[in-house]
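Below is one structure, written out as structure tokens; comments come after it.
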Amino acid sequence: MKLIYFLLRSSWEMVAIAIVTGLISGFSSARLVALINDTANSANPSATAIFGSFAGFLCLALLSSISSQIMLIRLSQKAIFDMQMHLSRQILASEFRHLEELGASKLLATLTSDVQSVASSVFAIPFLCIDAAIIGGCLVYLLSLSSTVFLIVFTFLIIAVVSIQLLIKKAWQFFGKAREQQDQLLGHFRGITEGMKELKLHSQRRQSFLSEDLEGTATSLRYNRVNSMTILAAANSVSQLWFFGAIGLLIFGISQAIAMSPSLLSSYILTITFIMAPLESVMRQLPLLSRAGIALKKIDNLGLSLASARENSSAVLPQLRASWQSLDIKGVTHTYRGEKEDSHFSLKDIELTFKPGELVFIVGGNGSGKSTLAKIITGLYIPEVGEIYLDGERINNENREWYRQHFAVVFSDFYLFERLLGLDKGNLDVQARKYLQELQLDSKVTVENGKLSTTNLSQGQRKRLALLTAYLEDRPIYLFDEWASDQDPTFREIFYTELLPQLKNRGKTLLVISHDDRYFYMADRIIKLEYGKIEYDKPA
């Protein structure tokens, strides 16, 4: 079972101890049932002796049950924590392009839904062990009463369990299909939240999205979930009917065919009645374990996929080259593949050189390849053909992480963290407040211990906060992807005529993707892209 193997990988010693204590608890509970039966059917019971045994087994069952649950709860939470951190590290260590291909919806579904399924199922394991032990102990007790009656009842119970398991297996086939569709549905929900403006402004697009994409996926998901839950409900009802069938078999079948004493019959009925609750509990837990198996398979598949695209990364990187001389892009070709296999865009034969202190504008129409080129330059995309050199050192898998640290970037689809992460906290707040004032945000945002008071601002103001982070990073090369597109005219003027020259005077290289041709005169060079090729690279 994948779930048990998952726990064993974390700590097989703790799993073994937890299972043993759970079995002790279960067998102690079964022994209590035997004592009750024997006492009820005894003509002259010794109350003192029986009470001592009863109290002893009761304490043993209680203490071992608590011990098993506490140990497995601690182990399971540690295992879940390790899994979440391992997955997060794997995601951040994978190639950026590979993460784009996987998609945010799949990554989020695995980190949330799948991990939560495993967490819920792991919590059920101690109870499963105790219930299984109770069932086993009671069966051993029934065997000691009469082997003939036991074989008949046991065969009946095996048939019942197998029939119920067949129903459960069928139910989880539907659930597996539903899990695949959950990723798609999460993607559609992201479409609602992130594409709200586009859907509001185009009624036919909105109706098509609702009726074809969202409703189609939700309907299919509902169909598979309804089938899964219906079959599980049927399995639960069948399990209850099997219980009454077992009692009926004892009273109207076995007791008529075989001479059974009233005490033997009552012992069997009482014991079977007692084990039905843990047996039903086991039946309820098994679907959770099946669900966890599906979730673990999804997690393992994602882990293998991420491992195949792992980059070399290190927490300790060589010193950055603050005084670099040349960044060369030589013969780079890169293909950006769309969702359809025959849909792709290529950057071809890119030859560029950048020097310290340059202000370079990268221009071109929509779809010309500007953002793809930016990801190539910053090391997020790996060129399929060609090389990148920093001061003559070729950038490869061994040093790409180090190379990327030379860039401070604000992409058009940037993400804004609420804390100023990874920065020297010596005088961080003082520096941040200075830049907040310069960016005209000091009346809206404050900084305390590296934490921004709010990020709930307009898009233009949020981009200023992203620029604040870039300022504080103080990297040798800055890249801005359509940064001024969301700024008001006044601050757009400030950005081009004040902020960029200030950074340039500090010796920073500035790569600015822009459509603001009225400010092109500020550049040292202008690089124009057209259909993935450099149309020209010339002084402004």
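- For Lys106, there are no salt bridge (Lys or Arg N to Asp or Glu O under 4.0 Å) partners two or more places apart in sequence or in a different chain.
- Relative orientation of the Phe209 and His188 rings is perpendicular, given thresholds of 30° and 60° on the angle between their planes.
- To the nearest 0.5 angstrom, Leu99 atom CG is 5.0 Å from Ser94 atom OG.
- One finds the OG1 atom of Thr219 at 11.0 Å from the CG atom of Asn224 (value rounded to the nearest 0.5 Å).
- Counting non-hydrogen atoms of neighbouring residues, nucleotides and ligands closer than 6.0 angstrom, the CZ atom of Arg419 reaches no more than 12 such neighbours.
- By the 6.0 Å contact criterion, NZ on Lys504 is enclosed, its count of non-hydrogen atoms from other residues, nucleotides or ligands being greater than 12.
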Step by step, work out the side-chain contact (heavy atoms from CB on, under 4.5 Å) result for Leu102 and Leu306. CA-CA 9 Å; Leu102 289 174; Leu306 293 173; 3.7 Å; yes
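- Side-chain contact check for Asp328 and Ser326: at least one donor-acceptor pair (N or O, by modelled atom type) lies under 3.5 Å.
- Within the 4.5 Å cutoff, the side chain of Arg97 has no heavy atoms near those of the Ile382 side chain.
- Applying the salt bridge (Lys or Arg N to Asp or Glu O under 4.0 Å) test to residues at least two apart or on different chains, the pairs with a partner in residues 436-449 are Arg433-Glu448.
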Only distances under 3.5 Å count here; give the side-chain donor-acceptor pairs of residues 458-472 to other protein atoms, sequence neighbours excluded, each with its distance to 0.1 Å.
residue : atom : partner : partner atom : Å
Ser458  : OG   : Gln461  : N            : 3.3
Ser458  : OG   : Gln461  : OE1          : 3.2
Gln461  : OE1  : Ser458  : N            : 3.3
Arg462  : NH1  : Thr455  : O            : 3.0
Lys463  : NZ   : Glu482  : O            : 2.8
Lys463  : NZ   : Ser485  : OG           : 3.3
Lys463  : NZ   : Asp486  : OD2          : 3.0
Arg464  : NE   : Gln487  : OE1          : 3.1
Arg464  : NH1  : Leu439  : O            : 3.2
Arg464  : NH2  : Asp488  : OD2          : 3.4
Thr469  : OG1  : Leu465  : O            : 3.3

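- At a threshold of 4.5 Å between non-hydrogen side-chain atoms, the residues Gln437 and Lys434 do not count as touching.
- Ile526 and Ala523 make their closest contact through CG1-CB, 4.3 Å (heavy atoms, listed as atom of the first residue, atom of the second, distance).
- Judged as a side-chain contact (heavy atoms from CB on, under 4.5 Å), and not counting sequence neighbours, the contacts of Leu111 are Leu87, Ser88, Ile91.
- Shown here for Gly379 and Arg404, the closest heavy-atom pair between the two residues is O-NH1, 2.9 Å.
- Residues passing the ring-ring contact (aromatic ring centres under 6.0 Å, His included) test with Phe411, sequence neighbours excluded: none.
- For CD of Glu418, the number of neighbouring non-hydrogen atoms (other residues, nucleotides, ligands) closer than 6.0 Å is 12 at most.
- Tyr389 contributes atom OH, which lies 11.0 Å from atom CD1 of Ile329 (distance to the nearest 0.5 angstrom).
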Check the pair Tyr531 / Lys348 against side-chain contact (heavy atoms from CB on, under 4.5 Å), numbers first and verdict last. CA-CA 9 Å; Tyr531 300 112; Lys348 299 178 181 178; over 6 Å; no
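- Residues meeting the side-chain hydrogen bond (donor to acceptor under 3.5 Å, both in side chains) test with Gln184, sequence neighbours left out: none.
- Between Arg321 and the options His406, Gln405, Glu393, a side-chain hydrogen bond (donor to acceptor under 3.5 Å, both in side chains) holds for only Glu393.
- Between Arg400 and Ile395 there is a side-chain heavy-atom pair separated by less than 4.5 Å.
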Do Lys375 and Glu100 pass the salt bridge (charged side-chain N to carboxylate O under 4.0 Å, His left out) test, and can you show the C-alpha distance, the side-chain angles, and the key distance before you say yes or no? CA-CA 12 Å; Lys375 292 170 184 175; Glu100 286 187 327; 3.4 Å; yes
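- Of all heavy-atom pairs between Ala484 and Asp516, the closest is CB-OD2, 3.8 Å.
- Contact of the Leu529 side chain with the Val363 side chain is not registered, since no non-hydrogen atoms from C-beta on lie closer than 4.5 Å.
- Under the ring-ring contact (aromatic ring centres under 6.0 Å, His included) criterion, Phe495 pairs with Phe480, Trp483, sequence neighbours left out.
- Shown here are the side-chain contact (heavy atoms from CB on, under 4.5 Å) partners of Lys298, two or more places apart in sequence or in another chain: Asp114, Arg179, Glu180, Asp183.
- Taking Ser412 as the reference, Asp481 meet the side-chain contact (heavy atoms from CB on, under 4.5 Å) condition, with sequence neighbours excluded.
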Stepwise, does the side-chain contact (heavy atoms from CB on, under 4.5 Å) test hold for Val512 with Val360? CA-CA 6 Å; Val512 182; Val360 181; over 6 Å; no
Is there a side-chain contact (heavy atoms from CB on, under 4.5 Å) between Ile477 and Phe354? Walk through the geometry before answering. CA-CA 10 Å; Ile477 307 172; Phe354 300 105; over 6 Å; no
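- Between Phe417 and Tyr415, the angle of the ring planes goes over 60°, which puts this pair in the perpendicular group of the 30/60° scheme.
- The side-chain contact (heavy atoms from CB on, under 4.5 Å) search around Val385 returns Thr333, not counting sequence neighbours.
- Side-chain contact check for Ser514 versus Tyr519: every heavy-atom pair is 4.5 Å or farther apart.
- With sequence neighbours excluded, the residues satisfying salt bridge (Lys or Arg N to Asp or Glu O under 4.0 Å) with Arg525 are Glu358, Asp537.
- You'll find the side chain of His86 stays beyond 4.5 Å of the side chain of Asp82, heavy atoms only.
- The ring-ring contact (aromatic ring centres under 6.0 Å, His included) search around Phe491 returns none, not counting sequence neighbours.
- The 12-atom threshold is not exceeded at CZ of Phe81, counting heavy atoms of other residues, nucleotides or ligands nearer than 6.0 Å.
- Inter-residue side-chain proximity for Ile376 and Ile388 is flagged as met; some heavy-atom pair is nearer than 4.5 Å.
- Interatomic distance, CE of Met522 versus OH of Tyr496, reported as 10.5 Å (0.5 Å rounding).
- Scanning both residues, Ile350 and Gly532, for their nearest heavy atoms gives CD1-O, 3.9 Å.
- Between Lys533 and Glu530 there is no salt bridge, since no side-chain N of the basic residue sits under 4.0 Å from a carboxylate O of the acidic one.
- Contact check for Trp402 versus Leu320: side-chain heavy atoms found under the 4.5 Å cut-off.
- In this structure, Asn505 places its CG atom where more than 12 heavy-atom neighbours from other residues, nucleotides or ligands lie under 6.0 Å away.
- Taking all atoms of both residues into account, the shortest heavy-atom contact from Gln325 to Ser323 is NE2-O, 3.3 Å.
- Using modelled atom types and a 3.5 Å distance limit, the side chains of Ser208 and Glu212 yield a donor-acceptor pair.
- Ring-plane geometry between Tyr223 and Phe174 is classed as perpendicular, the angle between the planes exceeding 60 degrees on a 0 to 90 degree scale with a lower cut at 30.
- Of all non-hydrogen atoms in Leu347 and Gly369, the two that sit nearest each other are CD2-O, 3.9 Å.
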